[in-house]
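Here's the structure we're looking at; comments come further down.
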Amino acid sequence: MQEETARSAIDTFISAFNASDDSYVTALLSQALTSDVVFWGPLGRSEGIAAVERFVLEIRRHPAGTGTMVRCSAVDMPDEWARYQWVFTTPNGGPRLAGTDVVHLRRSLIDQVIVFAGEIEPSAS
């Protein structure tokens with residue numbers, strides 16, 4: 001049951017990247033995130049839905065064109081933390097980025113997001 005709740009919040013968060021219009025982004029984020037969400041992204045730490053919205057809108061305006069964000073793994077959830085993998089692809093064979101997000105849930109909403117963008121290289125033995 002807990003994993004289904006997490007999956008729903010995560011999928012709603014991801015859907016903000018794929019909204020048909022920028023005007024839907026805030027509403028989608030508000031359905032998935034707490035108002036005081038802490039977002040650890042590629043450019044550092046920020047707080048609040050407005051900060052996450054700025055990040056999402058920036059990704060949506062990728063120079064290579066509007067891309068598509070998809071969750072490409074199951075949601076793994078030990079207790080109140082969850083992780084999943086994602087892929088962002090731009091049109092016409094443009095840049096592709098993959099990563100893993102770790103999220104914390106409070107009362108069925110995401111209150112922390114940690115973005116690990118890029119693939120982890122194998123360790124040198």
Between Asp76 (side chain only) and Arg83 (backbone N and O only), is there a donor and an acceptor less than 3.5 Å apart?
no
Short side-chain to backbone donor-acceptor contact, Ser8 and Glu4, under 3.5 Å
no
For [X], what residues pass the side chain to side chain contact (heavy atoms under 4.5 Å, CB included) criterion, not counting sequence neighbours?
| X | answer |
| --- | --- |
| Ala9 | Leu105, Ile110 |
| Ser108 | Thr5 |
| Ala16 | Val25, Leu28, Leu29, Val56 |

When rounded to the nearest 0.5 angstrom, what is the spacing between NE2 in His104 and CG in Leu109?
12.5 Å
Spacing of CD belonging to Glu53 relative to CD1 belonging to Ile49, to within rounding of 0.5 Å
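The CD1 atom of Ile49 is 9.0 Å from CD of Glu53, to the nearest 0.5 Å.
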With a 4.5 Å limit on heavy-atom distance, are the side chains of Phe116 and Ile114 in contact?
yes
How about Ile10 and Val103: do any of their side-chain heavy atoms sit closer than 4.5 Å?
yes
Applying salt bridge (Lys or Arg N to Asp or Glu O under 4.0 Å), name anything that partners Glu80, two or more places apart in sequence or on another chain.
none
All salt bridge (Lys or Arg N to Asp or Glu O under 4.0 Å) counterparts of Arg107, not counting sequence neighbours
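Once residues adjacent in sequence are excluded, Arg107 has no partner under the salt bridge (Lys or Arg N to Asp or Glu O under 4.0 Å) criterion.
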For [X] and [Y], work out which heavy atoms get closest and say how close.
| X | Y | value |
| --- | --- | --- |
| Ala19 | Tyr24 | CB-CB, 4.0 Å |
| Ser20 | Arg60 | C-NH2, 4.3 Å |
| Ala51 | Glu47 | CB-O, 3.4 Å |

Restricting to pairs with a member in residues 65-74, which pass salt bridge (Lys or Arg N to Asp or Glu O under 4.0 Å), not counting sequence neighbours?
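Sorted result for residues 65-74: Asp11-Arg71.
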Go through the structure and list residues passing side chain to side chain donor-acceptor pair (under 3.5 Å) with [X], not counting sequence neighbours.
| X | answer |
| --- | --- |
| Glu58 | none |
| Ser23 | Asp21 |
| Gln112 | none |
| Arg96 | none |

Quiz: residues 85-94 side-chain donor-acceptor pairs under 3.5 angstrom, not counting sequence neighbours:
residue, atom, partner, partner atom, Å
Trp86, NE1, Asp101, OD1, 2.8
Thr90, OG1, Pro95, O, 2.8

Show which side-chain atoms of residues 35-43 pair as donor or acceptor with protein atoms under 3.5 Å away, not counting sequence neighbours.
residue, atom, partner, partner atom, Å
Asp36, OD1, Thr34, OG1, 2.9
Asp36, OD1, Arg106, NH2, 2.8
Asp36, OD2, Arg106, NH2, 3.4

Find out if a path of hydrophobic residues (ILVMFWY) with successive side-chain heavy-atom gaps under 4.5 Å connects Val102 to Leu33.
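Each belongs to a different hydrophobic cluster.
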